[in-house]
Amino acid sequence: MRRRANILCLCAGLFAAAGCYAPPDPDFNSPEPIARVDAALVAAGGGGGDQGSEERVPELIELLGSDDPLARMVAIRTLERLTGQTLGYEHDAADLERRRAADRWAQWWIERSGYDAPAAAARTDANARAG
């Protein structure tokens, strides 16, 4: 009986602590993976009928290089929603395949916007030389 009471107290404490947790604000530059994922979801329009905009495409391209598979998946699905294409990027592909596809995205952005996606391009160039 005492063991059961201890378990119930532990569970109650965990639930209370969970209620005190405030998730981080959406931010592509956050060290928190959930904040980067949330930023990608906001860029997609976050529901409510909003279609999102291409304004955040450079950050989404950079997120394709994340170590977090969930962040990569959300980034490519957001890019697909915004642009109608994936350029062959698969969030669960081998590292080299993902880097090559991220390079295609960086090049696509440069051609479309006339602006460089410097963080994505520099990262994928450096990784390609290393790999």
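Owing to the predicted nature of the structure, the values given are computational and were not obtained by experimental measurement.
- The side-chain heavy atoms of Gln85 and Trp108, taken from C-beta on, include a pair separated by under 4.5 Å.
- Across all non-hydrogen atoms, the minimal contact from Val37 to Ala71 is CG2-CA, 3.7 Å.
- For Asp25, the CG atom counts as loosely surrounded, since its 6.0 Å shell holds 12 or fewer non-hydrogen atoms of other residues, nucleotides or ligands.
- Atom CG of Leu70 is separated from atom CD1 of Ile34 by 6.5 Å, given to the nearest 0.5 angstrom.
- Summarising the geometry, atom CD1 belonging to Ile61 is positioned 10.5 Å from atom CD belonging to Gln107; distances are rounded to the nearest 0.5 Å.
- Here Glu97 does not pair with Arg100 in a salt bridge; the nearest charged N to carboxylate O distance is not below 4.0 Å.
- Thr86 and Trp105 make their closest contact through O-NE1, 2.9 Å (heavy atoms, listed as atom of the first residue, atom of the second, distance).
- Atom-to-atom distance recorded for Asp103:CG and Tyr89:OH is 11.5 Å, nearest 0.5 angstrom.
- For Arg56 (side chain) and Ala43 (main-chain N/O), no donor-acceptor pair under 3.5 Å exists by modelled atom type.
- The backbone N or O of Ser30 lies less than 3.5 Å from a partner atom in the side chain of Arg36, making a donor-acceptor pair.
- Side chains of Arg72 and Leu64 form no contact here, defined as non-hydrogen atoms less than 4.5 Å apart.
- Contact annotation: the side chain of Asp92 never approaches that of Pro69 to less than 4.5 Å [non-hydrogen atoms, C-beta and beyond].
- In terms of heavy atoms, Ala75 sits closest to Leu60 at CB-O, 3.7 Å.
- Considering every non-hydrogen atom in both Pro58 and Trp109, the closest pair reads CG-NE1, 3.5 Å.
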message: Set out, in order, the CA-CA distance, both residues' side-chain angles and the distance that settles salt bridge (Lys or Arg N to Asp or Glu O under 4.0 Å) for Asp95 and Arg98, then state yes or no.
response: CA-CA 5 Å; Asp95 189 47; Arg98 289 194 324 266; 3.1 Å; yes
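- Interatomic distance, CZ of Arg81 versus CD1 of Ile76, reported as 14.5 Å (0.5 Å rounding).
- In terms of heavy-atom proximity, Ala101 sits nearest to Leu87 at CB-O, 4.2 Å.
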